[in-house]
Amino acid sequence: MTRNLIISVLVSLDGYIADEQGSVLALERFYRDHLPAGVVDWRVPPDFDTVLVGKNTYKCYYHSLLNMTQKEVIVFSHTPLAGLGANMRCFSGDEISLITQLRANEGKNIWLFGGGDLIDQVVCGDLIDQISHLAPQFD
């Protein structure tokens with residue numbers, strides 16, 4: 001059974017993900033301020049055990065990724081990264097080959113949370129099974 005690749009992307013209508021300094025905080029604040037009532041968690045898909053991120057997403061969400069101790073976190077980067085947690089590893093090879101290999105292995109879904117470069121590669125590789133979306137989760 002093939003694992004599904006689920007992507008999430010935070011992007012504005014004009015196509016920008018981060019500001020000139022690489023921060024996504026302003027965009028996140030805007031989304032949080034405009035979420036529909038009842039939405040508790042709008043980015044994290046259910047039933048996954050592997051998270052794929054690019055280097056910039058890793059830098060922006062380092063603490064959140066570090067807290068995902070029960071998940072494997074793979075950071076795509078062509079330069080070494082300091083401070084990787086026990087659940088993290090850096091990968092600098094062919095992204096499409098790695099994702100294809102991960103999908104063929106046993107496990108839960110794979111979540112790609114990243115920026116335009118990484119998502120562009122998986123789109124071109126025709127690897128996306130699902131795009132995560134807002135889904136109300138009521139208490």
Please name the pair of heavy atoms, one in [X] and one in [Y], separated by the smallest distance, quoted to 0.1 Å.
| X | Y | value |
| --- | --- | --- |
| His78 | Ser92 | ND1-O, 3.7 Å |
| Ile96 | Gln121 | CD1-O, 3.2 Å |
| Leu102 | Arg89 | CD2-NH2, 4.4 Å |
| Cys90 | Leu81 | SG-CD1, 4.1 Å |
| Glu95 | Phe76 | CG-CD2, 3.3 Å |

Rounded to the nearest 0.5 Å, what separation is found between the [atom1] atom of [X] and the [atom2] atom of [Y]?
| X | Y | atom1 | atom2 | answer |
| --- | --- | --- | --- | --- |
| Ser77 | Leu84 | OG | CG | 9.0 Å |
| Ile110 | Leu127 | CD1 | CG | 9.5 Å |
| Leu66 | Tyr61 | CG | OH | 16.0 Å |

Arg3 and Glu106 ion-paired at < 4.0 Å: no
Other residues, nucleotides, ligands: >12 heavy atoms within 6.0 Å of Asp47 CG: yes
Evaluation steps, side chain to side chain contact (heavy atoms under 4.5 Å, CB included), between Leu112 and Ile6: CA-CA 6 Å; Leu112 189 152; Ile6 302 168; over 6 Å; no
Matching residue for Leu52 among Val75, Ile7, Thr57, Leu5 - test: side-chain contact (heavy atoms from CB on, under 4.5 Å): Leu5
Donor + acceptor pair across side chains of Thr50, Trp111 (<3.5 Å): no
Within the distance-only criterion (no hydrogens, no angle test), does the side chain of [X] pair as donor or acceptor with the backbone N or O of [Y] below 3.5 angstrom?
| X | Y | value |
| --- | --- | --- |
| Lys71 | Phe48 | yes |
| Arg103 | Asn4 | no |
| Asn87 | Met68 | yes |

Pair Val73-Tyr58, side chain to side chain contact (heavy atoms under 4.5 Å, CB included): steps then yes or no: CA-CA 9 Å; Val73 178; Tyr58 164 78; 5.7 Å; no
Pair Glu72-Val51, side chain to side chain contact (heavy atoms under 4.5 Å, CB included): steps then yes or no: CA-CA 6 Å; Glu72 177 183 20; Val51 182; over 6 Å; no
